[in-house]
Asker: 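Please see the structure below; I have some questions.
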Amino acid sequence: MYELKTKENDNSVIEFIENVDSIKKREDAYKLLDIFTETTGYPAKMWGPSIIGFGSYHYKYASGHEGDAPLVGFSPRKSKISLYFATGDEEREELLKDFGKHTTGKACVYINKVDDIDVDVLKALISRSIVFLRETYSNEKGD
């Protein structure tokens, strides 16, 4: 049976951020920590070794695959900062048009630094993601 690697754990968020090599990325991680905490109202938790997540929800796909994931989160990676929002939401795509300098992957939005983006749009993306996931997975656990 498939075992999900990215699980919520009790590792220290602050310790993780303090171990980020780049001083600028570390500073941005603290800015994002404040923005995500303030916007979500949830405490930051580590998910796996490198994702800082906020809140959680339980998903179950038609295939039978299920698990828990953070509602939103971020990770200060070596090359870029990964932002995790809900996928499949058309409003996310509209918001991203005014977000600033970024690229997108299947599930992530990537930025180089916080100064490249519109923080108000970031807050809207965070809030919209939570609403979308609560509507999609009505059994959201909260924390």
Side-chain angles (χ1 to χ4, degrees), residues 2 4-9 11-143:
Y2 176 76
L4 194 64
K5 292 186 188 103
T6 308
K7 292 182 180 177
E8 183 179 334
N9 60 64
N11 294 346
S12 168
V13 170
I14 300 301
E15 198 173 296
F16 170 69
I17 293 173
E18 283 299 316
N19 285 313
V20 171
D21 288 339
S22 162
I23 293 170
K24 182 63 181 144
K25 278 224 174 46
R26 202 175 315 140
E27 289 170 356
D28 278 350
Y30 280 118
K31 286 179 191 174
L32 290 169
L33 180 63
D34 288 344
I35 293 165
F36 274 77
T37 301
E38 177 187 312
T39 306
T40 67
Y42 292 114
K45 298 276 192 172
M46 290 302 301
W47 285 75
S50 61
I51 296 174
I52 300 169
F54 300 81
S56 66
Y57 70 100
H58 186 80
Y59 61 86
K60 186 170 186 175
Y61 298 135
S63 65
H65 177 78
E66 63 182 298
D68 296 310
L71 289 166
V72 291
F74 70 93
S75 183
R77 309 268 185 198
K78 277 195 191 326
S79 60
K80 293 185 182 276
I81 298 170
S82 300
L83 305 174
Y84 300 94
F85 305 115
T87 57
D89 181 15
E90 290 176 18
E91 283 190 42
R92 168 185 139 152
E93 301 313 310
E94 278 302 308
L95 287 167
L96 285 173
K97 290 177 183 176
D98 297 319
F99 189 46
K101 187 177 174 187
H102 72 281
T103 55
T104 57
K106 186 175 179 186
C108 299
V109 174
Y110 303 101
I111 62 171
N112 290 317
K113 57 188 183 287
V114 174
D115 289 345
D116 286 345
I117 61 168
D118 184 321
V119 171
D120 289 331
V121 175
L122 172 60
K123 290 176 182 179
L125 282 161
I126 293 167
S127 297
R128 177 60 203 156
S129 187
I130 292 170
V131 168
F132 178 77
L133 288 169
R134 285 186 176 147
E135 290 170 352
T136 306
Y137 303 96
S138 59
N139 54 354
E140 185 261 327
K141 295 182 343 185
D143 54 17

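Just so we're clear, the structure is a prediction, and the values are computed from it rather than from any experiment.
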Asker: Counting only heavy atoms not in Lys25 (residues, nucleotides, ligands), do more than 12 fall under 6.0 Å from its NZ?
Answerer: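 Yes - once you tally the heavy atoms of other residues, nucleotides and ligands closer than 6.0 Å, there are more than 12.
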Asker: What's the verdict on salt bridge (charged side-chain N to carboxylate O under 4.0 Å, His left out) for Glu38 and Lys123, showing C-alpha distance, side-chain angles and the deciding distance?
Answerer: CA-CA 9 Å; Glu38 177 187 312; Lys123 290 176 182 179; 3.7 Å; yes
Asker: Is a side-chain donor or acceptor of His58 paired with a backbone partner of Gly67 at a separation under 3.5 angstrom?
Answerer: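 Here the side-chain-to-backbone pair exists.
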Asker: Keeping Arg128 on the side-chain end and Arg92 on the backbone end, is there a donor-acceptor pair under 3.5 Å?
Answerer: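 Between the backbone of Arg92 and the side chain of Arg128 there is no qualifying donor-acceptor contact (under 3.5 Å).
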Asker: Does NZ in Lys24 sit with more than 12 non-hydrogen atoms of other residues, nucleotides or ligands closer than 6.0 Å?
Answerer: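 Check passes, neighbour count above 12.
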Asker: Would you give the length of the straight line joining atom CG of Asn9 to atom CE of Met46, rounded to the nearest 0.5 angstrom?
Answerer: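 The CE atom of Met46 is 6.5 Å from CG of Asn9, to the nearest 0.5 Å.
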Asker: Go through the side-chain N and O atoms of Arg77 and Ser50 and say whether any donor and acceptor fall under 3.5 Å apart.
Answerer: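 Ser50 and Arg77 do have a side-chain donor-acceptor pair below 3.5 Å.
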Asker: List the steps and the verdict of side chain to side chain contact (heavy atoms under 4.5 Å, CB included) for Ile81 and Tyr110.
Answerer: CA-CA 6 Å; Ile81 298 170; Tyr110 303 101; over 6 Å; no
Asker: Side chain to side chain contact (heavy atoms under 4.5 Å, CB included) between Leu71 and Phe132: does it pass, once the steps are laid out?
Answerer: CA-CA 10 Å; Leu71 289 166; Phe132 178 77; over 6 Å; no
Asker: Are Ser56 and Trp47 packed together at the side-chain level, in the sense that at least one heavy-atom pair is separated by less than 4.5 angstrom?
Answerer: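 They are in contact (side-chain heavy atoms under 4.5 Å apart), so the answer is yes.
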Asker: Between Lys31 and Asp34 (salt bridge meaning N to carboxylate O under 4.0 Å), is one present in this structure?
Answerer: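 A salt bridge is absent here (no side-chain N lies under 4.0 Å from a carboxylate O).
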Asker: What's the shortest heavy-atom distance between Phe85 and Leu83, and which atoms?
Answerer: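 Nearest heavy atoms, Phe85 then Leu83: CE1-CB, 3.7 Å.
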Asker: Apply side chain to side chain contact (heavy atoms under 4.5 Å, CB included) to residues Ile126 and Thr39 and explain how you reach the verdict.
Answerer: CA-CA 7 Å; Ile126 293 167; Thr39 306; 3.7 Å; yes
Asker: Could you report the tightest heavy-atom contact between Leu95 and Val121, atom names first, then the distance?
Answerer: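 Looking at all heavy atoms of both residues, the shortest contact is O-CG1, 3.3 Å.
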Asker: With a 4.0 Å cut-off, would you call Asp68 and Lys7 a salt bridge?
Answerer: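 No, this pair does not count.
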Asker: Please list, chain by chain and in numerical order, all residues satisfying side chain to side chain contact (heavy atoms under 4.5 Å, CB included) with Glu15, sequence neighbours excluded.
Answerer: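 Glu15 satisfies side chain to side chain contact (heavy atoms under 4.5 Å, CB included) with Ser12, Asn19 only.
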Asker: Side chains of Leu122 and Phe36, heavy atoms from C-beta outward: is any pair under 4.5 Å?
Answerer: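 Counting from C-beta outward, Leu122 and Phe36 do come under 4.5 Å.
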Asker: Taking atom CG of Asn112 and atom NZ of Lys80, what is their separation to the nearest 0.5 Å?
Answerer: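 NZ of Lys80 is found 3.5 Å from CG of Asn112.
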Asker: I'd like to know whether Ile52 forms a side chain to side chain contact (heavy atoms under 4.5 Å, CB included) with Ile17, so could you lay out the CA-CA distance, the side-chain angles of the two residues, the decisive distance to 0.1 Å, and finally the verdict.
Answerer: CA-CA 9 Å; Ile52 300 169; Ile17 293 173; 3.8 Å; yes
Asker: Do Leu33 and Phe54 make a side-chain contact, defined as non-hydrogen atoms from C-beta onward lying under 4.5 Å apart?
Answerer: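 Leu33 vs Phe54: side chains touch.
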Asker: Kindly say whether Ala107 contributes a backbone atom to a donor-acceptor pair with the side chain of Thr87 at under 3.5 angstrom?
Answerer: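 No; zero donor-acceptor contacts below 3.5 Å.
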Asker: Between Asp118 (side chain) and Phe99 (backbone), is there a donor-acceptor pair under 3.5 Å?
Answerer: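 It does not hold such a pair.
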Asker: Less than 4.5 Å apart, any side-chain heavy atom of Val109 and any of Leu96?
Answerer: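 Of all side-chain heavy-atom pairs linking Leu96 with Val109, at least one is under 4.5 Å.
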Asker: Test your reading of the model: is there a side-chain donor-acceptor pair from Ser129 to the backbone of Leu125, 3.5 Å cut-off?
Answerer: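 Not confirmed, Ser129 side chain does not pair with Leu125 backbone.
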Asker: Phe74 and Tyr84: aromatic ring centres closer than 6.0 Å?
Answerer: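 No, the ring centres sit 6.0 Å or more apart.
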Asker: Could you report the tightest heavy-atom contact between Phe16 and Ser75, atom names first, then the distance?
Answerer: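 Closest approach of Phe16 to Ser75, heavy atoms only: CZ-OG, 4.5 Å.
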Asker: Once you round to the nearest 0.5 Å, how far does CG of Asp21 lie from CZ of Arg26?
Answerer: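 Answer for the CG-CZ pair, Asp21 versus Arg26, is 7.5 Å.
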Asker: Is the ring pair Tyr137/Tyr59 parallel, tilted or perpendicular, if the boundaries are 30 and 60 degrees?
Answerer: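 Ring orientation, 0 to 90° scale: perpendicular.
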Asker: If we ignore hydrogens and angles and just use 3.5 Å, is the side chain of His65 paired with the main-chain N or O of Ser63 as donor and acceptor?
Answerer: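 Pair absent, no side-chain N/O of His65 close to backbone of Ser63.
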Asker: Which of these, Ile117, Ile111, Asp116, sits in a side chain to side chain contact (heavy atoms under 4.5 Å, CB included) with Lys113?
Answerer: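 Checked Ile117, Ile111, Asp116 against Lys113; only one passes side chain to side chain contact (heavy atoms under 4.5 Å, CB included): Asp116.
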